[in-house]
Amino acid sequence: MSRFLAVLHIIYCLLSIGASDTCQVTVTQPGFQEAKHSMHTVYLTCTFTTSGCLSFPPQVLWFRFLSNKHEDLCTPACTNHHKYKVHFSGNNSSLQINDLTVDDNAVYICGVAFPDSSSPRSKQTGDGTVLKTTENQRSNGNPAFTFLIIASCLLFIYSTAIFAFFGVHKKISSGRKIFQAIAQELQRQRYAEHCQQP
């Protein structure tokens, strides 16, 4: 349940950034990245494409899912400037993670948002990058951790699909109400004209 609330929080963060256009964003991230503890610094990449977006540059946000919670890392300002830094160039962004430890193992999600756009597709996230930091002499993965990461990713994708479904359903029902109101008004006018005829 807490993971579902975390996903809703991320979607809310993305949607609350902007306030009618056809801006559409697609975000892609590598699914997995392994780093040795001795590297000290790692860069997670995020690439996005846009269509119909007038304002540029967009805001790039980074989140991470741990086994029992999520964290807003850079939304867009980073919460820990020593640990995290966002690099941005063209349609590419990367999250720099310093002082790498095994505690940095998590799913890192990149979000791209055009704040001035009201299009629902102008604020999107990637599927996430699983970062696996290994000790220098260890290379075998923990199957329970891998399962947890995969389950987290699937839950995120499922939650995003449910959110999109309810958004489309709300627009359709709103359109139906408007159509019904117009039909009722036309029916009243015809009735009034019919009653006025001798």
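Along the sequence shown, residues carry numbers from 1.
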query: Among the clusters formed by ILVMFWY side chains lying less than 4.5 Å apart, do Phe114 and Phe88 turn up in the same one?
result: yes
statement: dist Asn98:CG -> Thr101:OG1 (nearest 0.5 Å) comes out at 11.5 Å
query: Does the pair Lys132/Glu34 count as a salt bridge with the N-to-O cut at 4.0 Å?
result: no
- prompt: Are any side-chain N or O atoms of Lys123 and backbone N or O atoms of Ser117, one a donor and one an acceptor, separated by less than 3.5 Å?
  reply: yes
Donor-acceptor contact present, side-chain Asn91 to main-chain Thr47, <3.5 Å: no
- line: The reported gap from OG1 in Thr26 to CD in Gln124 (rounded to nearest 0.5 angstrom) is 7.0 Å
- request: Would you tell me whether Asn92 and His87 have side-chain atoms, one donor and one acceptor, within less than 3.5 Å of each other?
  value: no
message: Checking Ser51 against Thr22 for the side-chain contact (heavy atoms from CB on, under 4.5 Å) test, could you report, in this order, the C-alpha distance in whole Å, the side-chain angles of both residues, the deciding distance, and whether it holds?
response: CA-CA 8 Å; Ser51 172; Thr22 59; over 6 Å; no
Evaluation steps, side-chain contact (heavy atoms from CB on, under 4.5 Å), between Val60 and Cys110: CA-CA 7 Å; Val60 178; Cys110 172; 4.0 Å; yes
message: Do Pro76 and Val86 have side chains that approach each other closer than 4.5 Å (heavy atoms only, starting at C-beta)?
response: no
CG on Leu131 to CD1 on Ile97, rounded to 0.5 Å: 5.5 Å
task: Compare all side-chain heavy atoms of Phe63 with those of Cys74 and state whether any distance is below 4.5 angstrom.
output: no
- prompt: Do the side chains of Phe32 and Ile109 join up, straight or via other hydrophobic residues, at under 4.5 Å, putting them in one cluster?
  reply: yes
- request: Hey, could you give me the SG/CG distance between Cys53 and Asp116, rounded to the nearest 0.5 Å?
  value: 11.0 Å
query: Any donor-acceptor pair under 3.5 Å linking the side chain of Ser119 with the backbone of Cys23?
result: yes
- prompt: Could you state the interatomic distance from CG (Leu66) to CG (Leu148), rounded to the nearest 0.5 Å?
  reply: 9.5 Å
query: Shortest non-hydrogen contact from Val25 to Ser122?
result: CG2-O, 3.7 Å
Nearest-0.5 Å distance that lies between atom CZ in Arg64 and atom CG in Leu44: 11.0 Å
- prompt: Got a salt bridge between Lys83 and Asp104, using NZ or NE/NH1/NH2 to carboxylate O under 4.0 Å?
  reply: yes
query: Is it true that a side-chain atom of Gln33 and a backbone atom of Tyr43 form a donor plus acceptor pair closer than 3.5 Å?
result: yes
- request: Check the pair Val130 / Val107 against side-chain contact (heavy atoms from CB on, under 4.5 Å), numbers first and verdict last.
  value: CA-CA 4 Å; Val130 176; Val107 179; 4.1 Å; yes
task: Given side-chain contact (heavy atoms from CB on, under 4.5 Å), test Leu100 with His40 step by step and report yes or no.
output: CA-CA 5 Å; Leu100 199 61; His40 300 292; 5.5 Å; no
No-hydrogen, no-angle side-chain donor-acceptor test under 3.5 Å, Thr129 and Gln29: yes
- prompt: Side chains of Thr133 and Asn105: do they bring a donor and an acceptor to under 3.5 Å?
  reply: yes
